[in-house]
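A short write-up of the structure that comes next.
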Amino acid sequence: MRKPTFLAVLLWICISMNSIANDGYKLWLDYQPIEESQLKSEVESLLGGVYFFGENPTFEAIKNELDLASKSMLGKAPIYSKERLQNTKLWIGTRDQLSQVLSLDQQAEIKALGEDGYWRGTVELDGKSFYAIVGNQPVGTLYGVYNWINSIQSNTFDKGTEISDSPKIKIRMLNHWDNLDRTVERGYAGFSIWDWHRLPGYIDPRYIDYARANASIGINAVSLTNVNANALILTTDFMKKVKALADVFRPYGIKVFLTARFSAPIQLEGLKTADPLDPEVQAFWKKKTDEIYSFIPDFGGFLVKANSEGQPGPHEYGRNHAEGANMLADALALHGGVLIWRAFVYSHEDEVDRHMQANNEFEPLDGKFKDNVIIQIKNGAIDFQPREPFHPLYGAINETNVGMEFQITQEYLGQATNLVYLAPMWEEVLKSKTYKPSANSTVGSILEGKETGQKMTLIAGVSNIGTDRNWTGHLFAQSNWFAFGKMAWNPEVTSEEIAEEWTKLTFGQDSEVVSKVGEILLESHETAVDYMTPLGLHHIMGRSHHYGPGPWVMGGRADWTAPYYHQADSLGIGFDRTADGSGALTQYAPEIVEKWSDPNQIPEKFLLWFHHLPWDYQLKDGNTLWEGIAYHYDRGVKEVRQMQQTWASLESKIDPEEFDHVRQLLEVQEQEAEWWRNACLLYFQTFSKRPFPADIEQPEGDLEYYKSLRFPNAPGI
Ligand code: BDP
């Protein structure tokens, strides 16, 4: 026999290392073996006698999850028993099914948790005690089971503590911007996971893992297709494919929504118009909707982008957004469906500051929308920028259902190469005080329906999921999917709590890992803002693909150029949106207008968003504005290097494949942060004509070179 060559040995080592290395596919559901401990014997005892009540697809999903968890954590499958009193320890069912072991008070308490709520704790029957996981509905039980497994994995399970929880938001939804050809608009993790061509016949196992991941964090709705919609999704052929997905998701409590192209009656039926007041158009939508429900009886509804960025809409026919939305809402109402209408509406033909246009459109229509319409409003008035003040529509329309649209995919935040944990940004928005409709209103309290009594509540997030093995491109981008689900469930949870939970589920319990990964996560958003758009700068990214810096981007429609937003000139920089400028600030409550109109009182993070200020304007720390801008960019780069060092210090404690994946991407991020800093500072210096502070790392390179960079094949366009 020939001796193996060095290369063959190397290959063998690589393959065998690979088989133990972690590629991130299992997300936060990568159940780890539990070490010998009291916890282990307790869990072993519970899973050694599971009394299972339900027999429906959701209970099958629960069983599947318990099997997976038990095999990974304990190395053996659970034992299910029907001999309930003798052999069982863990009871899983709905409130009705477990009523014999729940006191009337307990039953009332659980009932009050609503359809998705759950309770877990110890119950007694005939002098014996059992551990019970109870939901009002099977899906609540499923959430309770995920929560229980999670507590075991993060070492917080305590049989003696009763846990109950219920979501504060009714529709917790992912918006996929996935096209039918499997490209993904603003997708940086490969292609769409919806394999339309092989559907409905072939059910990719990924669909089930996707549903598990979503259910484990409480996501209960998904819009499958791009808001820049293709009418073909509404054809019978595609409906069959959508039905196949809906069937996979149903046991996990996930409803399917589709994006509806407003011009579909023309494209699919050859009608002459899509006018929402035309009886033939109305009949088209009724028929279409009925057909969808014949395939998918629990279809969620439509999500619509209309009269924005070239999408068709009611304006073409002289109708307003309410007339457009209500026509579709009527068709859905017959089946209990919901119509989600986006407020991301602006036109370059309108001279008014883009910041103001959504309010101008929607405020006059407040109260004119049907009850099953929700207006989905982005977190800020421009477009998912690295940091935006909250959208002034929050608090401005109070007789209409409103919902949140966050962006989980990092279109403007480093796409798939930058580690940016978005939860602190979302938390900042949710906790923002709107002062409207009441003095204590926040964006979060409005979304929860606390201010207006709105029942149909919604938080949506534009998905960052694709066919990459680890689903999200960057391993750390999984934390954003996770955090989104958690915040949609409970907008009051902190980004810190979520960071800790995700870290433990992803990297394990080691306290050094938990604290250092926590540091990285929690600093990462501010870091990105520092090297991209500090002090309220915005919309200065590369043209069209939005990758990298582009403060010089000019030409074409003004509201897609950078100078429209930064307004740099020889005197200063920033967009005057006060009453003396565009007036956008006046769309906020008087308390905000008063404070933010004064450059000395507005939080500095929003300074240049609302003010055009001289280069020598003095910041709170005594630096001039020019110096402050330079220090922020410089700090951003240094913070990335700090993240690299922190990560490097964890090498021995992280799976080698995951470690190296993140290490490499942090290197790319460092280069990109330097690129942002150099390009932006050199560009702005052409206006400020001032030297850089001596104690920063001096921006290097040639501005013309940065301007000349092109990325024709950048992903996500
Ligand atoms: C912008 C994206 C664009 C989307 C648009 C939207 O650049 O691709 O179509 O938002 O939200 O951020 O409709």
Side-chain angles (χ1 to χ4, degrees), residues 173-181 183-189 192 223-230 233 257-263 302-313 315 321 324-325 340-348 354-355 357-358 361-362 374-388 391 393 403-416 420 422 425-426 429 458-466 480 484 532-533 538-550 553 556-557 559-562 564-565 711 714-717:
M173 182 181 201
L174 286 182
N175 289 180
H176 285 256
W177 284 359
D178 294 16
N179 297 311
L180 303 186
D181 64 1
T183 55
V184 180
E185 178 143 347
R186 311 309 177 183
Y188 312 102
S192 167
S223 169
L224 298 173
T225 44
N226 194 351
V227 286
N228 297 319
N230 186 333
I233 192 69
F257 286 67
L258 292 174
T259 48
R261 191 169 172 84
F262 205 78
S263 55
F302 296 128
L303 166 64
V304 183
K305 170 176 179 178
N307 292 123
S308 167
E309 300 184 333
Q311 293 301 299
H315 284 181
H321 286 279
I340 303 174
W341 191 267
R342 300 176 83 225
F344 182 66
V345 166
Y346 67 104
S347 159
H348 61 291
R354 172 174 167 188
H355 200 293
Q357 294 187 28
E361 288 279 351
F362 285 88
I374 305 178
I375 305 299
Q376 180 169 297
I377 308 167
K378 287 189 180 182
N379 55 281
I382 298 299
D383 191 4
F384 299 137
Q385 292 303 293
R387 166 173 275 137
E388 295 201 26
H391 200 302
L393 258 183
M404 170 60 79
E405 179 173 323
F406 285 130
Q407 193 179 44
I408 313 170
T409 190
Q410 292 167 236
E411 175 179 358
Y412 300 98
L413 275 149
Q415 305 188 350
V420 187
L422 303 174
M425 173 173 87
W426 299 333
V429 172
L458 162 78
I459 294 190
V462 180
S463 147
N464 62 349
I465 297 160
N480 292 327
F484 170 77
M532 289 178 177
T533 53
H538 53 289
H539 211 290
I540 54 171
M541 65 288 158
R543 184 194 286 279
S544 154
H545 48 63
H546 299 167
Y547 171 62
V553 165
R557 51 188 282 188
D559 55 359
W560 284 356
T561 66
Y564 177 98
Y565 299 94
F711 305 95
I717 311 174

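Remember, it's 1-based here, ligands and their atoms both numbered in the order they're listed.
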| request: Ignoring hydrogens and angles, state whether a donor on the side chain of Gln407 or Arg186 is under 3.5 Å from an acceptor on the partner side chain. | output: no

| request: For the residue pair Asn307 and Glu361, confirm or rule out a side-chain donor-acceptor distance under 3.5 Å. | output: no

| query | Heavy-atom contact under 4.0 Å between Gln311 and ligand 1? | reply | no

| said: Between Asn464 and Gln410, is there a side-chain donor-acceptor contact under 3.5 Å, judged purely by atom types and distance? | reply: no

| request: Pick whichever of Glu411, Gln376, His545, Glu405 has a heavy atom sitting closest to atom 2 (C) of ligand 1. | output: Glu411

| task | Could you tell me the residue and atom name of the protein heavy atom closest to atom 13 (O) of ligand 1, and the distance to it rounded to 0.1 Å? | result | Lys305 NZ, 2.6 Å

| note | for atom 5 (C) of ligand 1, nearest protein heavy atom and its distance come out as Glu309 OE1, 3.3 Å

| said: Are Tyr564 and His539, when compared by the centres of their aromatic rings, separated by less than 6.0 Å? | reply: no

| Protein heavy atom at shortest distance from atom 3 (C) of ligand 1 | Glu185 OE2, 3.3 Å

| task | Mark up the atoms of ligand 1 that fall under 4.0 Å of a heavy atom belonging to Phe344, in ascending order. | result | 5 (C), 6 (C), 10 (O), 11 (O), 13 (O)

| request: With the side chain counted from C-beta on, respond yes when Val462 and Glu405 share a heavy-atom pair under 4.5 Å apart, and no when they do not. | output: yes

| field | Those atoms of ligand 1 less than 4.0 Å from some heavy atom in His546 | value | 7 (O)

| atom 1 (C) of ligand 1: which of Thr409, Asp383, Val462 has the nearest heavy atom? | Asp383

| Short side-chain donor-acceptor distance under 3.5 Å, Asp559 and Tyr565 | no

| ligand 1 atoms in contact with Tyr412 (distance to a heavy atom under 4.0 Å) | 1 (C), 7 (O), 12 (O)

| task | Could you list which atoms of ligand 1 come closer than 4.0 Å to a heavy atom of Asn228? | result | 9 (O)

| task | Just need the protein heavy atom nearest to atom 10 (O) of ligand 1, so name the residue and atom and give the distance. | result | Lys378 NZ, 3.2 Å

| said: Between Ser544 and Ile717, is there a side-chain heavy-atom distance shorter than 4.5 Å? | reply: yes

| said: In terms of relative ring orientation, are Phe384 and Trp177 parallel, tilted or perpendicular, with 30° and 60° separating the classes? | reply: tilted

